[in-house]
Amino acid sequence: MPPLRRSTRLQHHSYANPVQYWLMKAEPDSRIVKGIDVKFSIDDLCNMKGSTSPWDGVRNFEARNIMRDKMNVGDKVLFYHSNCKTPGVAGTAVVVRSGYPDHTAFDKAHPYYDPKSSPDSPKWYMVDIKFESKFPKVVTLNQLKQHEDLKEMVLIKRGRLSVQPVRKNEYEFILDLAK
DNA sequence: GCCAACGTTGGC
DNA sequence: GCCAACGTTGGC
């Protein structure tokens, strides 16, 4: 029998996942929850070490499932400012680490602690994202609502979901609005 | 700060 | 597995 051969070249670039698009909501204004400030804006992401941050604290199953099962390194993210004076898309980011357990759920002292989650059987997951761009001006929710091309967006049709899918055409349309 | 919409919990 | 009660999201 000939030795089993495996092409490293193929492994490196033949089966890459196609880029997917997401929208992630963060609150740019200070708000204290169980003693910590949950504020996180596009500037805060930019100012992180390596302009990269874990997306911890998501405690919703649908959003969790997206991060755990769907998001891939290289996927593109619309960074959305919510629960603030001018809600809207503030910039873009890229997924740099795919789903892994959200350790803030294991820490009794942490506001995101969940006794039902443990390192052996994690309930909550997160990804890491890296800052890519800050729009010159926030593309407001109001603006988004005015475009027929965006009326099927999960953000518009449904709202209330902190990590959600975006169609490629929607992503590109919003990048155009940002110019 | 209000409150509608909707996700989650838990008794039955 | 239903569904009432409760909690959270998030625009306004």
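As a basis for the values below, the full set of heavy atoms in this structure was taken, side chains included, without hydrogen atoms, waters or symmetry mates.
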Hey, what's the ring geometry for Phe79(A) with Phe40(A), parallel, tilted or perpendicular (30° and 60° as the breaks)?
-> tilted

Whether each nucleotide of nucleotides 2-12 of chain C has a protein heavy atom under 4.0 Å at its base (B), only at its sugar-phosphate (S) or at neither (-) is summarised, 5' to 3', as -----BBBBSS

Using a 4.5 Å cut-off on heavy atoms from C-beta on, say whether the side chain of Val127(A) contacts that of Met24(A).
-> yes

Check against side chain to side chain donor-acceptor pair (under 3.5 Å), Arg59(A) and Thr104(A) = CA-CA 11 Å; Arg59(A) 298 292 180 266; Thr104(A) 63; 3.1 Å; yes

Does atom NZ of Lys168(A) have more than 12 heavy-atom neighbours from other groups under 6.0 Å away?
->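 At most 12 heavy atoms, drawn from other residues, nucleotides or ligands, come within 6.0 Å of this atom.
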
Examine Leu141(A) and Tyr21(A) and state if one hydrophobic cluster contains both, with Ile, Leu, Val, Met, Phe, Trp and Tyr joined whenever side-chain heavy atoms are less than 4.5 Å apart.
-> yes

Say you draw a straight line from CG of Asp102(A) to CG of Asp114(A); how long is it, rounded to the nearest 0.5 Å?
-> 9.5 Å

Residues from residues 59-68 of chain A sitting under 4.0 Å of DNA chain B, heavy atoms only?
-> Asn60(A), Phe61(A)

Tell me whether the centres of the aromatic rings in Phe61(A) and Trp124(A) are closer together than 6.0 Å.
-> yes

